2 protein chains.
Amino acid sequence: MKIMARIKDIAKLANVSPSTVSNVIHGRKNKLSPELYEKVQRILEEEHYVTHRGAQMLTKQGSRLIALILAYSRAEEESIVQDPFVSSIIGAVQSALQKEGYFLLLYANPDVELCTKITLEWNVEGIILLGAKREGYYYLRSLNSVPVVTIDTIFFPEDHSYVNVGLEDYQGALEMTRYLLSKGHEKIAFLSLMDGMDVLRKDAIDNIRYQGYLQAYEEKNLAADRSLCRNLSYDGKIRQKQYREFYQEGFWGCTALFFTADIMALEMMSFCMDQGLKVPEDISIAGYDGIFAAKRARPRLCTICQDSTEKGRRAVTELLFLLKEEQDIGTCKKDIRLPVFLEEGSSVQALRERQPSPGLQLHLQKESEHRDREKFLEEV
Amino acid sequence: MKIMARIKDIAKLANVSPSTVSNVIHGRKNKLSPELYEKVQRILEEEHYVTHRGAQMLTKQGSRLIALILAYSRAEEESIVQDPFVSSIIGAVQSALQKEGYFLLLYANPDVELCTKITLEWNVEGIILLGAKREGYYYLRSLNSVPVVTIDTIFFPEDHSYVNVGLEDYQGALEMTRYLLSKGHEKIAFLSLMDGMDVLRKDAIDNIRYQGYLQAYEEKNLAADRSLCRNLSYDGKIRQKQYREFYQEGFWGCTALFFTADIMALEMMSFCMDQGLKVPEDISIAGYDGIFAAKRARPRLCTICQDSTEKGRRAVTELLFLLKEEQDIGTCKKDIRLPVFLEEGSSVQALRERQPSPGLQLHLQKESEHRDREKFLEEV
DNA sequence: TTGTAAGCGTTATCAG
DNA sequence: CTGATAACGCTTACAA
């Protein structure tokens, strides 16, 4: 390691005391004569002086460090950061923090205890917590009292003292289902992405979306068929098998598929095309998220768009607010829901214009012969 | 801030001295009796003791911090992290570092001086530098002597003392061009993505790829038309205009388009489809990168696949090697080139099977009438 | 086997 | 306006 000039060295070079140098570093012009200030300033630059953040952390200055914690249950995988949302949030957070003179410590681990430990070790001044469950959030809060802003955590009505940034998930699913129903589809499959958990788990985002889906049926005085709902695996290979099975089951007789993530919708779309089916002639497909690939796909994917960059920006804004106002986070209860909007796409077609190909019709026959969906469900 | 138990506090609780506690923390069992060790260990856990990284940085222990610096010239934009490569590299780096007990400081800024300052302030033990030019690398090295591994930096033959992780860029472009030529295409446009810079800039990746493109022609004893080469803008909106112009120019009479990034290839593909053209019947399109959207698109994009996660992993491996071996980086010159492979896709078709649609033919006529490509080029 | 003390670099307080 | 000094928390060499 190259020898670095420290305050003491600068002080010697300038024939002043360390505290004078410190005053110059902090721009306290009123504390010394302009000439001296200039001189010290010059030497500081000449010597490429940089502050030692470790030493600074030891004083009351604080660390200027913000932790971005990815606590997804699948956070141990490298791929988590590649998720388009996660990465756009990282980008937005990094950029917003830098403007305010903060630094970003990135840590991904499903173990909240470990994450908490890291935030304590590094004396971070604030935390943005991504993909955690409410229990995880409360655990973190119980040990670390710095401001925390969560993204996409589901809280319960009885919860208090949290700041969460999320989406109008309910509204989005409601609108999409309304839209599909308005196009004449009545058998709409609801397909979510969750690690083996039940879609009905109360604190899962996809459950909120499912409620929106049900609500849309209710509004039309239709009975939603609750068996038209399924969780797909996070594992891409398993998912591929699941698409095939679902296809072989004739899509359970559904005319439209509503996926809670564009990734799945696109995968299914290309799977269908590979099987010789036509989208939307044979089957209508809708997604959720509005990722790049969805806009580029042809037929263009009909989806619910969210602005995930805005999520990151907003999280930082809220965190900085807590930091600056020194507001007691214990008294806040803020559930920010960013708007989403439906983007039409030719992957969805009105039912009356539908022209199923012979291939699909064969499958539909098969399905009515088999009726062995129970077996299929068991396999999962 | 909640009051945290420090070594001194633990020492008091256990009726031992601070150094004894420190010995326990560092697992130096031989330094004290097993009973005492157990006892201190227990109290440590009870009090949720965590080390203070700032204080530790002040000792010779080092910071355990690795900086991942994104020094792309467009790094001030939030979107940089969203780039599928960048984000998969971040993911891989984060995950690999964590396993080794290092922490990740993420910093994105086109200003290398600033980046250098950050690495010095935080006393990072190593640096992974992404998207920097060689000058930037050498500037960083001149001020910070910790190990640095670059990713995707282009060095010159006369350069020395660097460790760089890159791709077989030349080979990839060579193979793709060979492939397109083997399919009978002779007029192949080469379309790169660079911020207004000349594709011929010696230290640009796309220039390396361009050399591969030229080489493929040479191998076939064909004269490559050097005017069939163009840089597109990083700005998505401008790019959209450029696609339109290029289309209106009848693709300069090319039958195949080779883009140096899948993003562009996909954008062009959907643009064509929106104009009523058929891919590959009217025009063959090839990309570079092998991103998710490319695999999902139909027709599937023919592209050169790279494993960007492996890039990140490899960068960490190399960095850890430098760190552990305490090898003098001044003596290394390592240019690691990860393999790429061509993935066929139906977006490319043999020329003889080509069936241009009337729409395209009209455009081709237009083009031969106008011959005003110079004007077009000026506009850029 | 255990304890003491110096040192790391910065900042804030207080005295000159 | 300037300078000495203590404090932050940890590590390690050395003394007991």
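So you know, we letter chains A, B, ... as the sequences are listed, proteins then strands, and number each from 1. From a predicted model like this one, the values you see are computed outputs, not experimental measurements.
Counting non-hydrogen atoms under 4.0 angstrom, A/Asn23 reaches nothing in the nucleic acid. Within 4.0 Å of A/Ile25, counting heavy atoms only, lies no atom of the nucleic acid at all. Counting any heavy atom pair closer than 4.0 Å across all strands shown, B/Ser22 reaches a base atom. In this structure, A/Asp9 reaches neither bases nor backbone, as no heavy-atom distance under 4.0 Å exists between it and the strands shown. Across all strands shown, B/Lys60 has no heavy atoms under 4.0 Å from either base or sugar-phosphate atoms. Within 4.0 Å of A/Arg28, counting heavy atoms only, lie sugar-phosphate atoms of the nucleic acid but no base atom.
The CZ-C1' distance, from B/Arg6 to D/dA7, rounds to 15 Å in whole Å. Between the NZ atom of A/Lys8 and the C1' atom of D/dG3 there is a distance of 15 Å, given to the nearest Å.
Looking at B/Ser19, its side chain has no donor and acceptor atom pair within 3.5 Å of the base of D/dT11.
A cation-pi arrangement is present between A/Arg64 and A/Tyr102 under the rule of less than 6.0 angstrom and at most 45 degrees off the ring axis. B/Phe156 carries B/Arg134 over the face of its six-membered ring, with the cationic atom under 6.0 Å from the centre and within 45° of the normal.
Side-chain N/O atoms of A/Thr59 include none lying less than 4.0 angstrom from OP1 or OP2 on C/dT11.
Side-chain atoms of B/Tyr49 lie closest to D/dC10 of the nucleotides D/dC10, D/dT11, D/dG3.
Rounded to 10 degrees, the angle separating the terminal helix axes of the helix from C/dT1-D/dA16 to C/dG16-D/dC1, each built from five base pairs, is 50°.
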